[in-house]
S.K.: 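Handing you a structure now.
Just so you know, ligand 1 is whichever comes first in the structure, and atom 1 is the first atom listed for that ligand.
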Amino acid sequence: MNDQLQRLSNLPLREDLQGLSPYGAPQIDVPVMLNVNENTHQLPPAVHAAIVEAVSDAVAGINRYPDREFQELRTALARYLGHGLSQDNIWAANGSNEVLQQILQAFGGPGRTLMSFPPTYSMYPLLASGTGTTYIAGDRSSDFTITAAEAAKQVKVAAPSVVILCSPNNPTGTALPLDVIEAVYEAGRETKTVVIVDEAYEEFAHAGTSSALTLLPGRQRLIVSRTMSKAFALAGARIGYLAAAPEIADALRLVRLPYHLSAITQATALAALSHAPALLANVEDIKAQRDRIVTELRTMGLSPAPSDSNFVFFGGVPDPQAAWRSLLHEGVLIRDVGIPGYLRVSAGTEAETTRFLDSLRRLLDQ
Ligand code: PMP
């Protein structure tokens, strides 16, 4: 037992949390940080200035609680998403992690279950344990894909309260075809399973990839979760949101803390949304670096998975832990997701991506 667990064991911690480890991607300050799928581009100067001005205005009224319903922000998010959505369809929180947590507080909880399909975002089981929800791990094929028929069969058998489908999936990077989402939704009809599609990386998908937003009309139990942490380069501001039927937002109003989105957060998000085209221009740059990584890794004899995200998952690494350490030694931090033979790297700026590719090539040549 490590020191932390030893200290904890003296406290009357909930039985279902005993022995668990917290989320723990390493935060190491090195020149090239490509381990948590951040947007490594600095904000364009005009966006930076707009946020500073908006925050300054918000500070003038900071003695008052913020708009508990963040109506202006919901309207701006609906306008950004399009698809005929209005502010009634939108909900937001401090990062999409908090959005997912609120959904589990409302639709999961003791005696209920959450299902997802590993390898997928490592927070799902932790969000389940935090909310007292039992986690069910579904299966994928050995190439990490899943078909509509397979996913629907597993959901029918497990009959979960909530399913999360991550598309594009973290850590593999690949987007799910919409027929998988439709089939899972249908499979959950009798059990009224709530289906969340986590589209944290949707803006990075290849042109022609359809968002699950197109499936929302007529599907009351479907929720599409998004974030401003990635495409909008606002990981530090903590803004996530969802689109769904208005009654989903009503359910979340029962569990959210009052005034959970600070006036600073709302002002920041609004300023960034009003500069969406400038921020999305950087997304195109990141997609080009992502595609460059895929091409270069293939020439090195590695096996990158198709990526619709701002990162690449690649196989063919004989000793991922040793490779991870060697890259770190050269000042390049990537992610060992604990899958034998694989590593994951975020697409950075052109210079960062070059540093990563050069270091990896040197390592493989040795
Ligand atoms: N979903 C996925 C798939 C993610 O990879 C992440 C962050 N890495 C999140 C949600 C949460 O992001 P945030 O809370 O910053 O919105």
S.K.: Could I get the full list of side-chain contact (heavy atoms from CB on, under 4.5 Å) partners for S211, not counting sequence neighbours?
M.R.: E199, E202, L213, R226

S.K.: Please check this pair: side chain of R140 against backbone of T120, looking for a donor-acceptor N/O pair closer than 3.5 Å.
M.R.: no

S.K.: So which residues, sorted by chain and number, lie with a heavy atom under 4.0 Å of ligand 1?
M.R.: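 Shell around ligand 1 (4.0 Å, heavy atoms): G95, S96, N97, Y121, C166, N170, D198, A200, Y201, T227, S229, K230, R238.
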
S.K.: Who passes side-chain contact (heavy atoms from CB on, under 4.5 Å) against S303, sequence neighbours left out?
M.R.: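 Result, side-chain contact (heavy atoms from CB on, under 4.5 Å) vs S303: none returned.
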
S.K.: One thing to verify: whether R253 and E69 come together as a salt bridge, which I'm taking to mean a side-chain N less than 4.0 angstrom from a carboxylate O.
M.R.: yes

S.K.: With sequence neighbours excluded, what pairs up with D57 under the side-chain contact (heavy atoms from CB on, under 4.5 Å) test?
M.R.: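 side-chain contact (heavy atoms from CB on, under 4.5 Å) check on D57 returns nothing, list empty.
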
S.K.: Ring centres under 6.0 Å, that's the criterion: do H275 and F232 meet it?
M.R.: no

